[in-house]
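Each remark here refers to the structure printed beneath this line.
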Amino acid sequence: MTIRVVVVDDSALVRSVLSGIINAAGDMWVVGMAPDPHVAREMIRELNPDVITLDVEMPHMDGLDFLERLMRLRPMPVVMVSTLTARGAEVTLRALELGAVECVSKPRFGAAAGLEHMGYEVVAKIRAAAMARVGRRATAAVPVAQVPRHIPTGRPIASERIIAIGASTGGTEAIREVLRMLPADGPGIVITQHMPSGFTASFAARLDAQCAMRVKEAQEGEAILQGHAYVAPGGRHLRIRRQGAGYVAEVDDGDPVNRHRPSVEVLFRSVAQHAGSRSLGVMLTGMGADGALGMRAMRDAGGYNVVQDEASCVVFGMPREAIAAGAADVILPLQKIGIHVLERLRSRMGTVS
């Protein structure tokens, strides 16, 4: 089946380049191009596309306002195309909260050449979006709000236990759902979310504002501390290694694994090797198979794994492959994963609160 795409961008050059990339893929076709949301609205009504790509900053109507109305009145898969700036990252993350399923960074300079270079990423994310389960949004997503932290008195310590989370399409909101259920003094958490370079620092900052734990972008050589979560930087792999009673982060620019950098496979294999039975793995929504074998290695090493179920996934790809690989100890809907992880920590790995 051919994926029908509408491209919405105020730049004629970007519309042309995106259209060329999409039409060359073979399994997708641009059925319309719109310079602003007003034209896009009529085009969507007439052409009924499977996916739209949406620039976040356009004249006449803000891309976020358009997205919010679209997801409330006529929900459909949306891939956000954003400039790689601090503002672009913030707006894109807000778009993911509102219901967009993927994001692509648009180079600030040499946009045409940059978009052609990242043609594989554009096509892959449109394919993922076409498979996404998108629901109607009755109201806007809850805005960022500061969460009170109840951290025990004393300096955070290195954690012998560790939680590893992997996700891709739909994962930004799924990760937030899990982390918001976990306490401020829980074991250290390491996270790989497939996300472009330049977006993960803003993603970590938004999680930090919404969760009891501290959340930050991982840095090379830093200790994995209790009460902290570390997000793999976009475009770089995250691993852990044992050091004394705890673990430290390793961040590098190694070759992509399963076509991803950061790769969930890389993170999970390092957790299997260095944490073994002290680990708890979580596989969330995402397209493809990245991390499935690494998660199986974690289970073989004595770790315990939780996998998101099909009904609650935006895309049931990575979880399905993890289940097929025999990596899952339990399969749960998203809204129950955080609670289950907390109960597991308390019952099997010691009290955390």
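Computed from a predicted model, the values in this text were never measured in an experiment. The first residue in the sequence is number 1, and the count goes up from there.
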- request: Take L67 and M80 through the side-chain contact (heavy atoms from CB on, under 4.5 Å) test and state the conclusion after the steps.
  value: CA-CA 10 Å; L67 176 65; M80 301 303 296; 4.2 Å; yes

query: Are D65 and R69 close enough for a salt bridge, meaning some N to O gap below 4.0 Å?
result: no

field: Nearest heavy-atom neighbours spanning A229 and L179
entry: CB-CD1, 4.5 Å

- prompt: Is D255 salt-bridged to R261, cutoff N-O under 4.0 Å?
  reply: no

query: Quick one: are M283 and R320 in side-chain contact, heavy atoms under 4.5 Å?
result: no

Stepwise side-chain contact (heavy atoms from CB on, under 4.5 Å) check, D290 with F268: CA-CA 10 Å; D290 188 33; F268 281 4; over 6 Å; no

Side chain E250, main chain I240, donor-acceptor under 3.5 Å: no

query: Pick from I189, I224, V215, I191: which one makes a side chain to side chain contact (heavy atoms under 4.5 Å, CB included) with Y230?
result: I224

- prompt: Do I337 and V330 sit in the same hydrophobic cluster, where Ile, Leu, Val, Met, Phe, Trp and Tyr count as joined when their side-chain heavy atoms come under 4.5 Å apart?
  reply: yes

field: Any D27 side-chain heavy atom under 4.5 Å of R127 side chain
entry: yes

- prompt: N258 side chain to H260 main-chain N or O, any donor-acceptor pair under 3.5 Å?
  reply: no

message: Determine whether a donor-acceptor pair (N or O, by modelled atom type, separation under 3.5 Å) exists between the side chain of Y304 and the backbone of S279.
response: no

- request: Examine distances only and state if a side-chain atom of S202 and a backbone atom of F199 form a donor-acceptor pair shorter than 3.5 Å.
  value: no

field: Minimum heavy-atom distance V271-V190, with the two atoms named
entry: CG2-CG2, 4.4 Å

- prompt: CZ/R94 to OG1/T92 distance, rounded to the nearest 0.5 angstrom?
  reply: 12.5 Å

message: Using modelled atom types and a 3.5 Å cut-off, is there a donor and acceptor pairing between side-chain atoms of R214 and backbone atoms of H228?
response: no

query: With side chains defined as the heavy atoms from C-beta onward, is the minimum distance between P196 and C103 less than 4.5 Å?
result: yes

- line: Taking every heavy atom of E222 against every heavy atom of E217, the minimum-distance pair comes out as OE2-O, 3.8 Å

task: Looking only at non-hydrogen atoms, find the nearest pair between G294 and E265 and report the distance.
output: N-OE2, 2.9 Å

message: Between R133 and E310 (side chain of the first, backbone of the second, donor and acceptor by atom type, cut-off under 3.5 Å), is there such a pair?
response: yes

field: Carboxylate-amine/guanidinium proximity below 4.0 Å for R176 and E173
entry: yes

field: Spacing of R206 atom CZ and C211 atom SG [to the nearest 0.5 Å]
entry: 11.5 Å

query: To the nearest 0.5 Å, what is the distance between NE2 (H194) and CD (E102)?
result: 10.0 Å

field: Side-chain (D185) to main-chain (G227) donor-acceptor, under 3.5 angstrom
entry: no

- prompt: Between M295 and V266, is there a shared hydrophobic cluster once you connect ILVMFWY residues whose side-chain heavy atoms come closer than 4.5 Å?
  reply: no

message: Using side-chain heavy atoms (C-beta onward) and a distance below 4.5 Å, is V6 in contact with V31?
response: yes

message: If I compare all heavy atoms of V264 with all of A167, which pair ends up nearest, and what's the gap?
response: CG2-N, 4.0 Å

- prompt: At what distance, to the nearest 0.5 angstrom, does CD1 of I22 lie from CZ of R4?
  reply: 13.5 Å

field: Test item: R299 side-chain N/O and G326 main-chain N/O as donor-acceptor pair under 3.5 Å
entry: yes

message: Applying a strict under-4.5 Å side-chain criterion to I, L, V, M, F, W and Y, I'd like to know whether M181 and V307 cluster together.
response: no

- request: Verify side-chain contact (heavy atoms from CB on, under 4.5 Å) between V251 and Q219, making sure each step is shown before the conclusion.
  value: CA-CA 6 Å; V251 177; Q219 295 181 338; 5.8 Å; no

message: A quick test of your reading: do over 12 heavy atoms of other residues, nucleotides or ligands sit less than 6.0 Å from NZ of K216?
response: yes

statement: All heavy atoms of G198 vs all of A89, minimum pair found to be O-CB, 3.9 Å

side-chain contact (heavy atoms from CB on, under 4.5 Å) between L70 and I44, intermediate numbers included: CA-CA 10 Å; L70 183 70; I44 291 168; 4.3 Å; yes

- prompt: Okay, side chain of S312, backbone of L334: is any donor-acceptor separation there less than 3.5 Å?
  reply: yes

task: May I ask you to check whether Q308 and T285 show a side-chain donor-acceptor distance below 3.5 Å?
output: no

Side-chain donor/acceptor of H237 to backbone N/O of S263, under 3.5 Å: yes

